[in-house]
There are 2 protein chains.
Amino acid sequence: MTSPPRARRPAAVSDAAAVSDTAAVPDDAVTIGAGTIGAGVPDTKAARTRERVLDAAAEVLSRKGYAGTRLAEIADVAGVQAPAIYYYYASRDELIEEVIRRGQERAQGHVEAALAQLPAGASAMTKICAAVEAHLRAVLQLSDYATAAVRNIGQMPDEMRKRLVAAQARYGILWRSLFEEARARGEIDPDVDLHAAQLLVIGALNSAPEWWNPKRVPLEDVVTTALTITCRGLAVSWPLPGTEGTT
Amino acid sequence: MTSPPRARRPAAVSDAAAVSDTAAVPDDAVTIGAGTIGAGVPDTKAARTRERVLDAAAEVLSRKGYAGTRLAEIADVAGVQAPAIYYYYASRDELIEEVIRRGQERAQGHVEAALAQLPAGASAMTKICAAVEAHLRAVLQLSDYATAAVRNIGQMPDEMRKRLVAAQARYGILWRSLFEEARARGEIDPDVDLHAAQLLVIGALNSAPEWWNPKRVPLEDVVTTALTITCRGLAVSWPLPGTEGTT
DNA sequence: GGCGCTTTCTAATCTAAATTAGATTAAGCA
DNA sequence: TGCTTAATCTAATTTAGATTAGAAAGCGCC
């Protein structure tokens with residue numbers, strides 16, 4: 001498919017980053033808002049335009065979904081004509097894939113940074129709480145990239161999804177290890193299935209961008225609520241309800 | 001554009017049902033699996049084909065998402081040529097909208113039925129548990145309709161979404177009233193924001209179809225896990241046996 | 001004060017998919 | 001058995017949107 005991708009295309013700054021999975025976005029590159037120029041990216045006009053297109057794509061993608069995303073709309077948001085996009089990206093899919101990949105990297109980087117700040121002896125449940133909070137803040141605050149990632153895996157062409165899911169494996173493993181550590185230390189209720197619990201929790205967090213409205217519930221309240229529910233829900237210290245109503 | 005929608009189109013059986021919101025799907029119509037012919041639908045060949053097309057649409061929609069859904073694929077799954085769909089539905093969007101509407105109705109009907117079976121004096125938290133279980137079972141077992149509904153609101157054309165969200169209002173109110181009752185009775189932790197909690201819980205449940213794999217975690221384990229986490233996560237503590245209704 | 005590179009534009013082209021037209025087959029029924 | 005309506009098909013038509021071609025505009029540099 002990838003015949004020499006157009007002589008005129010400039011060395012795409014993040015072709016490398018898009019493939020490498022060792023180079024997580026450095027902490028200082030994780031910021032709130034729109035254009036985050038990663039470390040090492042030359043700040044030329046072209047690089048900025050490229051970034052602007054990427055930001056626009058993230059915005060549209062998070063709003064319209066994979067198949068509903070139009071290049072024309074992206075171009076419009078970026079303040080450019082549609083064909084200009086091809087100067088930076090070989091195809092619509094390449095652009096979209098980079099957005100999602102970056103979203104994943106950012107969320108993961110944010111969570112890892114939060115975990116790294118915990119004191120050495122933190123309990124497993126404390127770590128889970130920190131991860132929950134960081135992930136939630138990532139999808140709610142960290143620009144549209146994380147949202148785009150979260151809302152669109154699952155509706156993309158198989159090939160692309162496969163690659164993206166593979167790229168995300170490390171993040172899944174991170175979460176799993178948190179849960180396994182908690183279970184090993186007896187901090188998680190024996191009735192909960194670890195895998196189901198992990199995905200339910202992440203699912204709850206990922207749903208937040210769909211409904212959260214800062215005017216209705218302040219961010220901090222959402223965070224508190226999520227922390228309260230998930231961490232207490234997982235923990236072992238409360239008795240289960242009787243069999244009432246649960247058949 | 002909606003000039004008389006084609007003389008030849010037969011009286012679409014559920015044109016009425018698709019609009020009425022009083023006529024919730026009757027309990028006996030809520031079944032597991034594919035084609036559920038609602039009460040009062042004549043069982044003619046045409047009605048069956050129409051239903052088959054609807055089922056196919058639900059299946060494709062739940063898998064590919066709104067914009068990724070192709071009439072050709074629906075037709076293929078239904079064992080029919082694409083244009084035949086227009087004999088039953090005026091447009092792609094009309095078909096899709098009916099799928100989602102039915103999905104909403106089914107989930108809601110399922111939850112309401114579960115609540116109706118609870119003993120009169122059930123605690124508010126017991127009701128929430130019942131609703132959680134019923135909703136989860138609906139999205140995991142109740143054919144593709146509920147899944148299609150859950151996964152696609154949020155990516156459809158604005159007009160359509162508006163209508164569907166409006167149609168769903170009653171369901172939202174049902175949940176809210178459950179949460180409000182629990183709070184009024186002091187059964188919910190004062191730290192949790194009611195609105196955020198409600199949507200986090202529903203978000204967690206709605207995420208299940210994205211990842212659940214019956215081979216990996218049995219359905220019953222998912223249900224148990226969800227119940228454990230959500231109900232204990234919300235509760236301030238569990239009412240002791242026998243204290244229900246003594247508020 | 002023109003030259004070549006970079007960046008972006010306008011104006012096609014190409015393609016997939018919804019929708020329509022009209023023909024064709026199946027089914028009840030006089 | 002022929003006639004009318006129902007149900008479905010095949011073969012256009014249309015449209016939206018990605019992609020390509022190739023021209024122009026900006027810009028550093030001699």
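Below, chains carry the letters A, B, ... as their sequence lines are ordered, and counting in each starts from 1.
- In this structure, the nucleotide among D:dC9, C:dT6, D:dT19 sitting nearest to the side chain of B:P83 is D:dC9.
- Summarising the geometry, the separation between CZ on B:R48 and C1' on D:dA6 is reported as 14 Å, rounded to the nearest angstrom.
- Rounded to whole Å, atom P of C:dT8 lies 16 Å from atom CD1 of A:I74.
- If you take CZ of B:R92 and P of D:dT14, they are 21 Å apart, rounded to a whole angstrom.
- Residues that satisfy the side-chain hydrogen bond (donor to acceptor under 3.5 Å, both in side chains) test with B:Q108, not counting sequence neighbours, are B:E112.
- Between the side chains of A:H135 and A:N206, at least one donor N or O lies within less than 3.5 Å of an accepting N or O.
- For B:S91, counting side-chain heavy atoms from C-beta on, the closest listed nucleotide (D:dT19, C:dA18, C:dT19) is C:dT19.
- Checking the phosphate oxygens (OP1, OP2) of D:dT8, a side-chain nitrogen or oxygen of B:T49 falls inside 4.0 Å.
- Taking atom OH of residue B:Y86 and atom P of nucleotide D:dA12, one finds them 19 Å apart after rounding to whole Å.
- With sequence neighbours excluded, the residues that form a side chain to side chain contact (heavy atoms under 4.5 Å, CB included) with B:A58 are B:V99, B:D144, B:Y145.
- Between the side chains of A:Y89 and A:R50, at least one donor N or O lies within less than 3.5 Å of an accepting N or O.
- Of the candidate nucleotides D:dC9, D:dA7, D:dT19, D:dC9 has the atom nearest to the side chain of B:Q81.
- Put simply, CG on A:L95 is 15 Å from C1' on D:dG17, counting in whole angstrom units.
- Taking the charged nitrogens against the carboxylate oxygens, B:R102 and B:E105 have no contact shorter than 4.0 Å, which rules out a salt bridge.
- If you take CZ of B:R52 and C1' of D:dT8, they are 11 Å apart, rounded to a whole angstrom.
- Rounded to whole Å, the distance from CZ on B:R70 to P on D:dG17 is 12 Å.
- Distances were taken from every side-chain heavy atom of A:Y87 (C-beta onward) to each of C:dT6, D:dG17, C:dA17; the shortest belongs to C:dT6.
- Of all nucleotides listed (C:dT8, C:dA17, D:dA18), D:dA18 comes nearest to the side chain of A:L71.
- Rounded to whole Å, atom P of C:dA17 lies 13 Å from atom CG of B:D76.
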